[in-house]
Amino acid sequence: MKPYNFTEIEKKWQQIWEEEETFKVMEDHTKEKDYILIEFPYPSAQGLHVGHPRSYTALDIVARKRRREGRNVLFPIGFDSFGLPAENYAIKTKIHPQVVTEENIGHYTRQLKSIGFSFDWSRCVITSEPKYYKWTQWIFLQLLKHGLAYKHKMDINFCPSCKVGLANEEVVAGACERCGETVVRREKEQWMLRITNYAQRLIDDLDDVDYLDRIKAQQTHWIGRSQGATVFFPIVDTEEKLEIYTTRPDTIYGATYMVMAPEHPLIDEYKERIKNFDAVEDYRHEAKHKSDFERTQLVKEKTGVKLEGLVAFNPISEEEIPIYISDYVMMEYGSGAIMAVPAHDQRDYEFAQAFGENIRPVVSGGDLEKEAYTGEGEIINSPLINGLSVDDAIAKMIRILEERDLGKETVQYKLRDWIFSRQRFWGEPIPVVHCDACGIVPLPESELPLVLPEVESYEPTEDGSSPLAKITDWVQTTCPDCGGPAERETDTMPQWAGSCWYFLRYLDPDNDKEFASQENINYWMNVDWYNGGMEHTTLHLLYSRFWYKFLYDIGVVPTKEPYAKRTSHGFILGEDGQKMSKSRGNVVNPDDIVKNYGADTLRIYEMFIGDFEKAVTWSTNGVAGVKRFLDRVWKIQELVTSDSLDYSKDLEILIHQSIEKVGHDYENLKGNTAVAQLMTLVNAYYQKGSITRGDLEVLLLLLNPVAPHISEEIYEALGNERQISAVPWPSFDPAKTVEDQVELPVQVNGKVRFRLTLPRGLSKEEVEENLRETQGFKEYTEDKDVKKVIVVPDKLISIVVK
RNA sequence: GCCAGCGUGUCGGAAUGGCAGACGAGGUAGACUCAAAAUCUAUUGUGUUCACGCACGUAUGGGUUCAAGUCCCAUCGCUGGCACCA
C-alpha cells in the first residue's frame, strides 16, 4: 500500500474543489438555508496566524456537515483590508497601501486554500475595493440624512511627533505606540455616529438572540445603563442652574458640596466671578495634559480646586454649598457635574477628607470613621423622607423633585457616541463636501464611490489632518447643491466601518444597483451563526448591530438583529504559554504545519487542542500525535477484509454511538471530544483486526468535515464514484447505541462495592429483586439494617445500610 | 473595586448530580533492529499490600444529597473584560 502522502492528496482535492466549484452556493431560495459566518481577516503582512484556522475549522465543520444534511449553506470569506498597518508601512516605504494589501490578500488566499476550507470563494468581498466601499459610503450618507452622523469638537489623543490623532488602542502607557512620544489631548472636530440613540435597543434586543451569556453580559455592561435622577442646583446670585445626575436622589440631604469636571463650560462662563481663576486655570491646564493613563493611575489621590465666588444651593436641604472642580468627575458622563454625598460615596468621601468638607450621614449604617456607607438602611437627617428605605426614598424623592420642578427621573448610559473619523489615508473617504454657502453637503448617490486619490506621501499634515488634505485638486471641488466652490472632507472612516455590514454584501457581492438585492437579503438573513473573537464583543459586534438596526429602521433589511447566534473562540498561545509574538520567538506558522504534517493534521489538531472557548497552548507533540492518528486512519485500509457495506456486528454499537456523538459535538463546537470519539473508533477497528468496507466508510463520513482531504481520498480508493461532500450525513439508530445488557455498579453507603449485569430496561422493582439474590448484596447487608435501596434504571444501584 | 468565567494526574484535557481521569502527549518496560528512528504490545493518580484488595484523591474549609469535580455558602488563586461612570 502507498504511504500516506498528504501533500499530494491535499493538493489533488483542493484542485478538484476549485475546478468543480464544489462549495459554490446556489441562490436556490426553495431550499432551507444556513448562513454560517466567520469574522473575515485583516490581511496583515505576517500572514495567517494559527489562531485563524481554529475558528475557521470549527465552522467549516458545521458548514460541511449541514450541506450534507441537505441545507443550502452560505459560508463566505472576504478581507477587511483597510487599516493602519498597511498605511504605516506606506509611510515608511512609499509603497501604496493598495499594493501591499493586494499582495497580502494573495498570500492569505493561498494559505486559506491550502487548509481546505469550504468557503465559497466566488463571493469574496474586499472592503478596500471601490465597488465595495461605494456602499459603505452610501450607508454613511443614509446615517447623515437621518441625523445619526454629526460633527463635533472634542479632545482626542494626539501624538506631537507623528502629528496624528490616535485611537485609545494606539496609546500605550500614555505614549504613542509607534514613536514613544508622550501623547497630549488636542481639540479636533470629529465625525460622530449617534450609537447612543440605539443604546436601549442594543440592550433589549439581546433577549431575542442566542449569544454566549458572557457576550451578552459584556455588551450590556459596556452600554452601561443606569437609572437615577437629574437634579438642578441653582447657583447663588445667578440665573444659572447646575445640572447633575445621580443614582441616589435619596441621599440629596447629604450633598454638602458639588464637583464639576475641569472641562465644564460653566467655568468659563463665570470666570469673572471666580476669584481664584488663576488657580482654577492651572488645575484645568494640568488636567488637560494628563493623559487618560495618568488620570486613572492616580486614582487614589483626590485633587481639585474650590471655586471661590461661586456657591450652589441645595434645593432640598436649602443650604448653600461650595463648588469644586476635580478630575474625578468626567465631562463625558452624565452632565459633567455631581452632587457630592461624602457619607455615601467612597470617592466623595475621600475628596471630602482631603478638603475638609462636611460628611453628613443620611442613611443609617456603616462606620463613617472608616469609609463611606453605600449599603441599605433607614433614611435619617432628611425631613422629607426620614424613616424610609433607600428604594422607597429614591421613588419619593424623584416624585418630590418632579413636583417642584427641580429635576426628573433619568436614564444614563456609559456608551458614548462613536468617533467615526480618522485623519488617515487608508480608509473610506467620507463622501461630503464643505461649502461656505451650504455647509456640509452630502455627495449625491450618483457620485459614489468617492474613490481615494493618489497621493505622494502618506504622512499626515502639520496640523494633524489626513494626507488627503494635501491633494489640493482633489480637495477643491464644487458644491453639489449650489455649484459654488467647496472643499471635500479629508477625514476617512475608521477600520470598523467596512466590517459593519460585510455580511450583507456576501449575499450579492457584484450588485452595482444596491448593496444587495432585497430578494437575497430576505432569503439569507439573519446570519444563523457568527463566530468571532471576544475582543470584538464591544466594538465590531456592537457597531455592526447598530448599523444593522439603522438599516432595519430605514426599511432595507427585514430583521432587527443581524446575528441569530454568536459564539467565540479562545486564543492560541505559544508553546511557552505566552501570547505568540515575533519578539518572543514562539510564533507557529500554519504553513509549516501544513507542509510538515498536512492540512488535515492541522485541522484536527486545532480542534483537538482543547475547549474551543478557552485559551489553549500550542503543543508540537500534540500535532505529532494527531499525525500518528491520521497515519493509523490511512492504514485502516489494510484491515478491510469484507466488501460488505454493513457494519461489523461487534462494532455496531460503537459506530452508532459515534455517529450520534460526533454529530452532536461538531454542532456544539466540541471538536476535541468529537476527535477523541473518532480516535476511539479507530482504536476499536485495530483492536478487532478486520473490518468491513461499511465500517471504514462510516468512519470516513464522520471524519470528513474535520479532515476532508484524507477522507475523500480513501473513500475514492474504496471505489466510490461520489465525493463524500455529496454523501448525506449518516444517521444512527438510538436503539443501537446501547447494549442489551447493562452493568450496574452497586454502591453501598456511597462506595461502589460490586457490579451486577442485567438486561437493559428492567423496572426498579425487577432490578431490586435481582439485586437481593446476589452474593454481594447478602455479603454487604449481613447483620446490617438495609435503610434504603435506590435504583436508577440502567444506571446504578445505591444501598444505604446501617 | 465591579462584571463574567476558571481551578481535575507529569502535561493538554474528558465527565445530562450516578463507576473521576475518556482521548491525546509524556514516562517506564518489552518486541522488531547490529543500533537508532519509526511502528507495535503492555503499563502509567497517590499510599499500602507478595497479591485479590483496601484507604485516600477534582484549589481550601464547610453544607445539601442515598450519591458532589458537578449544586449551595465562605476563603484563596488564576484568566478575560470594565473601571474615579456619580
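When reading the values below, keep in mind they use all heavy atoms of this one structure, side chains included, and skip hydrogens, waters and symmetry mates.
- In this structure a side-chain-to-backbone donor-acceptor pair under 3.5 Å is present from A/His344 to A/Val363.
- Note on A/Arg632: every side-chain N or O is 4.0 Å or more away from OP1 and OP2 of B/U39.
- Distance, A/Asn621 CG to B/C23 P: 19 Å, rounded to whole Å.
- Pairing for B/A22 is absent, with no Watson-Crick or G-U wobble pair whose two atom distances lie under 3.5 Å.
- Nearest-nucleotide mapping onto RNA chain B: of A/Ala624 and A/Asp611, the residue sitting toward the 5' end is A/Asp611.
- B/U65 makes up no base pair with any nucleotide shown, lacking Watson-Crick or G-U wobble contacts both under 3.5 Å.
- Among the atoms of the strands shown, only primed sugar atoms or phosphate atoms (P, OP1, OP2) are found under 4.0 Å from some heavy atom of A/Lys788.
- If you check every strand for non-hydrogen atoms under 4.0 Å, A/Met679 touches sugar and phosphate atoms only.
- Note on A/Thr246: only backbone sugar-phosphate atoms sit closer than 4.0 angstrom, heavy atoms only; bases stay farther off.
- Classification of the A/Tyr324-A/Tyr257 ring pair by plane angle, with boundaries at 30° and 60°, yields perpendicular.
- Counting any heavy atom pair closer than 4.0 Å across all strands shown, A/Asp631 reaches no nucleic acid atom.
- Of the nucleotides present, none pairs with B/U16 by Watson-Crick or G-U wobble criteria with both distances under 3.5 Å.
- Taking the six-membered ring where tryptophan is involved, the planes of A/Phe351 and A/Tyr328 are tilted, since the angle between them lies from 30° to 60°.
- Within the structure, salt bridge (Lys or Arg N to Asp or Glu O under 4.0 Å) contacts touching residues 662-689 of chain A (residues at least two apart or in different chains) are A/Lys65-A/Glu667, A/Arg66-A/Glu667, A/Asp650-A/Lys688, A/Lys661-A/Asp665.
- In this structure B/A4 sits in a base pair with B/U79, meeting the Watson-Crick or G-U test at under 3.5 Å.
- Nucleic acid contact class of A/Gly224 (heavy atoms, under 4.0 Å, all strands): none.
- Here A/Ile609 lies in heavy-atom contact (under 4.0 Å) with sugar-phosphate atoms only.
- What separates CH2 of A/Trp618 from P of B/G12 is a distance of 17 Å, to the nearest Å.
- Among the atoms of the strands shown, base atoms are found under 4.0 Å from some heavy atom of A/Gln747.
- Put simply, A/Asn672 has a side-chain N or O that comes within less than 4.0 Å of OP1 or OP2 on B/A14.
- Considering only side-chain N and O atoms, A/Lys751 lies under 4.0 angstrom from the phosphate OP1 or OP2 of B/C56.
- Aromatic ring orientation, A/His536 versus A/His540: perpendicular (interplanar angle above 60°, classes split at 30° and 60°).
- On the P atoms, B/U60 is 15 Å away from B/C76, given to the nearest whole Å.
- Using a 4.0 Å heavy-atom cutoff across all strands shown, A/Thr680 reaches sugar-phosphate atoms only and no base atom.
- Look at CD on A/Glu575: it is 11 Å from C1' on B/A25, rounded to the nearest Å.
- The shortest distance between the side-chain N/O atoms of A/Arg628 and the OP1/OP2 oxygens of B/G26 is below 4.0 Å.
- Across the strands present, B/A42 finds its partner in B/U28; the criterion is a Watson-Crick or G-U wobble pair with both atom distances under 3.5 angstrom.
- Nearest nucleotide to the A/Tyr780 side chain, out of B/C54, B/G18, B/A15: B/C54.
- Contact between the side-chain N/O atoms of A/Tyr245 and the OP1/OP2 oxygens of B/A86 is not found at any separation under 4.0 Å.
- With a glycosidic angle no more than 90° from 0, B/G9 adopts the syn conformation.
- Looking at heavy-atom distances under 4.0 Å, A/Val800 makes contact with sugar-phosphate atoms alone, never a base.
- Among the atoms of the strands shown, none is found under 4.0 Å from any heavy atom of A/Asn749.
- The distance between atom CE of A/Met260 and atom P of B/A86, rounded to the nearest whole Å, is 20 Å.
- The phosphate of B/C6 (OP1 or OP2) has no side-chain N or O of A/Arg214 nearer than 4.0 angstrom.
- Within 3.5 Å, no donor on the side chain of A/Lys787 pairs with an acceptor on the base of B/C66, nor the reverse.
- Of all nucleotides listed (B/A15, B/G81, B/G26), B/G81 comes nearest to the side chain of A/His221.
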